[in-house]
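Basis for what follows: all heavy atoms, side chains included, without hydrogens, waters or symmetry-related copies.
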There are 2 protein chains.
Amino acid sequence: MTGTTATSGQRADMVRNRRLLLEAATAAFAEHGVEVPIGEIAQRAGLAKGTVFRHFASKEDLLAAIMLQMLDQLIGTAERLIEADDAGAALREFMTDGVEVLAADRAFCEVIGRPSLQHSEVRDAIGRLRDAAEALTARARDQGAVRADVTGTDIVLLLGGIHQTAAPLLAAEPQAWRRYLALALDGLRATDAPDLPYPPPGRLRLGDTDEVC
Amino acid sequence: MTGTTATSGQRADMVRNRRLLLEAATAAFAEHGVEVPIGEIAQRAGLAKGTVFRHFASKEDLLAAIMLQMLDQLIGTAERLIEADDAGAALREFMTDGVEVLAADRAFCEVIGRPSLQHSEVRDAIGRLRDAAEALTARARDQGAVRADVTGTDIVLLLGGIHQTAAPLLAAEPQAWRRYLALALDGLRATDAPDLPYPPPGRLRLGDTDEVC
DNA sequence: GCTCAACATGACCGGCCGGTCATCTTCCGG
DNA sequence: CCGGAAGATGACCGGCCGGTCATGTTGAGC
């Protein structure tokens with residue numbers, strides 16, 4: 001793990017290069033997904049390929065550093081919203097934020113959905129995200145804003161699903177995910193509907209293998 | 001395009017090999033997705049790599065042939081269900097079938113969601129699928145079984161989204177998609193809810209570029 | 001059973017990509 | 001201003017994969 005923020009005692013240009021590298025990598029991963037070649041990231045940063053590997057031992061380490069950054073941001077949103085009075089509105093805002101992030105970052109949704117690419121730190125962060133989502137969801141349930149049989153894991157999973165629904169339209173209709181988010185929210189609000197047919201996902205780690213699309 | 005069913009006037013072993021190849025490729029694509037190497041497909045079929053290219057000019061041709069097969073099957077299901085009395089039940093059955101197919105075939109959902117991989121024939125077939133879904137949806141709307149602002153394109157897109165929602169659980173909970181299908185159906189049934197906020201996707205070709213995850 | 005065209009084969013090619021390393025450059029303390 | 005260490009560089013390596021082709025094999029008609 002080389003990706004920590006050890007900015008102390010380093011040479012000045014190294015710190016600058018690290019920043020350039022992270023910015024370039026963030027943009028490149030967002031635009032092209034995890035498959036983007038290291039060479040292109042280096043080029044975007046105005047560096048040589050070798051320099052990338054001086055800062056991060058492997059491509060996965062670089063990816064993990066960036067994904068952790070985004071996950072922490074989302075977790076922060078969730079933790080801020082937990083204080084809100086209207087838990088239903090808070091949950092809606094969290095989901096809006098989440099799907100928006102997914103729609104803007106190709107690598108992020110690939111990593112979320114494909115556990116085989118994940119560092120253990122990323123796994124842990126997803127766990128924390130799920131915990132935060134569970135807290136939000138619990139309050140919304142208590143306030144009757146969502147049906148009783150919905151869990152935080154459901155919510156996190158739905159983020160990926162909603163984005164994926166609109167993904168084929170992304171180029172032509174970049175905001176189309178709002179339509180399917182609204183649809184899902186209507187489903188979540190159906191407090192009178194019979195319970196969902198399949199038991200809610202439990203405490204299991206999401207995707208212990210990589211049986212995903 | 002070498003992938004047509006020109007089984008006439010060919011040598012007997014060639015016909016047999018073509019069948020073996022198609023079976024192996026179907027299984028391999030389903031299991032590992034479109035990234036599965038041609039070499040592995042050949043091995044599964046008990047053939048050499050070169051033989052694969054005698055039957056299909058490129059990997060894409062082979063993939064397209066198999067995807068067309070699956071799409072036709074789904075379209076058939078839709079067209080059969082159009083006769084049903086209960087249009088709501090028919091739509092539910094179509095969606096159940098669709099998500100089940102997606103959950104069982106990794107390549108299929110990759111191709112559906114990533115138009116950049118698609119032959120024009122596959123595009124056309126998806127268009128036909130959408131038409132069939134539109135017919136089913138129209139009847140369900142008329143019968144008041146689903147809200148008024150839902151289209152056939154919505155339904156087709158939802159198939160991918162619902163599967164994707166449950167995808168991270170696929171290994172641990174192979175049937176989890178049923179939960180999220182039920183949730184989506186509750187959203188579709190919310191005839192009293194306000195109209196969906198974003199306009200329904202129109203006649204545009206799904207994904208004219210490949211801006212997808 | 002003979003012949004030959006059709007078919008199968010797998011070594012081979014070129015391109016790509018993650019990762020390495022000997023060499024060169026640059027920053028910084030003294 | 002200088003020396004040396006930390007950092008940057010890009011040619012290079014090995015592995016993988018789609019696709020090709022000269023050669024070997026086999027089925028079908030006679």
Has A:Arg179 got a side-chain atom pairing as donor or acceptor with B:Pro197's backbone, closer than 3.5 angstrom? no

Taking the six-membered ring of A:Phe56 as reference, does the NZ or CZ atom of A:Arg18 fall below 6.0 Å from its centre and within a 45° cone about the axis? yes

Does the A:Arg178 side chain pair with the main chain of B:Leu196, one donor and one acceptor, at a distance under 3.5 Å? no

Would you give me the side-chain donor-acceptor pairs under 3.5 Å for residues 66-74 of chain A, sequence neighbours excluded?
none

Do any N or O atoms from the side chain of A:Lys59 and from the backbone of A:Val36 form a donor-acceptor pair under 3.5 angstrom? yes

Atom CG of B:Asn17 and atom C1' of C:dT9: how far apart are they, to the nearest Å? 12 Å

In whole angstrom, what separates B:His55's NE2 from C:dA6's C1'? 11 Å

Across nucleotides 18-29 of chain C, 5' to 3', mark each nucleotide with B, S or - according to how protein heavy atoms within less than 4.0 Å reach it. BBB-----BSS-

Please give, in whole Å, the distance from C:dT9 C1' to B:Leu21 CG? 15 Å

So, the side chain of A:Thr165 versus the backbone of A:Gly161: is there a donor-acceptor pair under 3.5 Å, distance only? yes

Length of the CD-P vector between A:Gln43 and D:dG10, whole Å: 11 Å

Nearest-Å distance for atom pair CZ/P, residues A:Phe56 and D:dG7: 14 Å

Rounded interatomic separation in angstrom, taking CE from B:Met14 and C1' from C:dT9: 14 Å

